[in-house]
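Just below is one structure, and these are the notes that go with it.
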Amino acid sequence: MALRRKLYAGSDFRRALSIEELRLIARRRVPHFAFEYVACGAEDEVTLGWNRAVFDTIRFLPRTLVDTTARHQRIDLFGREANAPLVIAPTALNGIQRHRGDVALACAAAALGIPFCLSTFSNVRLEDLALEAGGRLWMQLYVMKDRSIARAILGRADRAGYEALLVTSDANVFGLREWDRRNYREPGKLTLRNLVDVARHPRWAFDVLVPHGIPRFENVLDFLPPEARSARAGVAYLARLLVPDVTWDDVEWLRREWPRRLLLKGVLHVADARRAADLGCDGIVLTNHGGRQLDGCVSPLEVLPEIARAVGHRLAVIVDSGFRRGTDVVKAIALGARAVMVGTAPLYGLAAGGEEGVGHALGILSGEVDRVLGQLGCTSLAELGPHVLVRQQARQDPSGAA
Ligand SMILES: Cc1cc2nc3c(=O)[nH]c(=O)nc-3n(C[C@H](O)[C@H](O)[C@H](O)COP(=O)(O)O)c2cc1C
């Protein structure tokens with residue numbers, strides 16, 4: 001008789017055993033347009049799919065009969081301990097999943113003892129977040145056409161005590177997420193079908209829309225003319241501010257201006273990784289923006305070993321895109337990453353259960369990391385390396401190293 005396997009089909013996020021089950025709860029909990037905004041990738045979603053498939057090209061080679069009772073997953077990140085090798089990635093518009101979603105994400109990160117990175121396009125002002133959430137806060141920066149915006153944001157982040165500035169370099173030519181776009185008649189205006197769907201989610205509507213209306217881009221509100229301050233008009237206006245004239249000169253400039261940790265997010269080529277190190281960056285994030293930008297792009301995992309070898313001793317190599325399991329995280333650390341950023345996974349938790357839901361998502365991931373470590377016969381992440389992996393070579397490694 002065939003096994004009757006079914007994933008959890010209820011709505012209690014506490015019963016989700018995996019990020020996949022949280023995804024399914026999130027899909028039921030929020031309107032289609034809000035879910036699709038998180039879940040979709042660019043164009044044919046080839047990058048999105050490959051971000052997951054690449055993990056299957058790497059398998060573990062465990063050792064046995066090792067006492068792993070005292071295992072832990074703490075890491076050193078910029079001279080401070082993080083309780084797990086995770087960072088919550090910057091994601092825009094978190095307020096459409098839950099009211100004050102940014103605060104919920106940051107509080108859950110603080111509770112676990114990992115950093116949270118706020119997006120330039122957040123729905124909460126960076127100063128308010130610092131007051132409400134505490135914990136380790138990083139500020140993500142989109143450098144826009146008018147450089148005075150970047151200057152103002154970094155000044156504000158400095159005064160608010162943010163630990164790091166993370167500059168995103170891979171989204172000024174914006175990816176076309178077709179499934180997301182199809183939900184709108186024109187920027188910011190949902191199709192009739194989606195409006196009906198919103199009406200079918202009263203619990204979400206009362207949390208997100210009532211009494212505050214569609215969440216606005218609070219962080220950059222001061223830079224928008226009065227007629228572009230509504231959420232709807234803001235989308236179109238901000239899209240025009242993202243222009244592709246950002247270069248290494250901007251990184252040099254930001255390095256001079258920003259006094260604390262500087263990270264560059266959007267690196268995939270080893271020459272760019274070297275250049276970031278030469279310019280004094282403290283970290284880089286290898287990413288393809290979670291499959292939301294260039295379709296048919298390499299997975300950061302493919303380039304990670306080469307980049308970690310080249311610059312891992314000079315700066316922190318962080319990686320993201322497609323991480324949904326502790327096994328994924330452990331594979332990345334074994335290939336040379338210092339930490340892993342997660343974007344979609346905590347957002348599914350947020351949509352499914354607010355701050356507690358994010359905590360649940362992070363708990364699932366760190367619980368899985370802990371189990372994998374034990375099953376590999378390791379007591380800490382420091383013991384990991386290529387020796388715990390068997391790799392099916394997906395890309396010719398020019399250095400010829402394993
Ligand atoms: C809904 C959503 C919004 C995002 N917004 C931003 C953003 O404002 N700035 C940024 O640098 N990256 C943004 N990203 C990319 C994430 O920071 C991160 O690179 C990506 O989510 C990692 O892949 P994962 O979602 O598979 O974990 C966004 C990602 C998602 C899913």
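Both counts, for ligands and for their atoms, begin at 1 and track the order of listing.
Scanning for side-chain contact (heavy atoms from CB on, under 4.5 Å) contacts around Tyr184 gives Phe33, Asp180, Leu190, with sequence neighbours left out. For Phe116, the ring-ring contact (aromatic ring centres under 6.0 Å, His included) test picks out no residue, with sequence neighbours left out. By the salt bridge (charged side-chain N to carboxylate O under 4.0 Å, His left out) test, Glu252 is found to be paired with no residue, residues two or more places apart in sequence or in another chain being considered.
One finds a salt bridge joining Arg260 and Asp158 here, because a Lys/Arg side-chain nitrogen approaches an Asp/Glu carboxylate oxygen to under 4.0 Å. Arg14 and Glu356 are joined by a salt bridge, as a carboxylate oxygen and a charged side-chain nitrogen come within less than 4.0 angstrom of each other. Salt-bridge check for Lys145 with Asp245: failed, with every basic side-chain N at 4.0 Å or more from each acidic carboxylate O.
Residues of the protein with a heavy atom under 4.0 Å from ligand 1 are Tyr37, Val38, Ala89, Pro90, Thr91, Ala92, Ser119, Gln140, Tyr142, Thr168, Lys265, Thr287, His289, Gly290, Arg292, Asp320, Ser321, Gly322, Arg324, Val342, Gly343, Thr344, Leu347, listed by chain and number.
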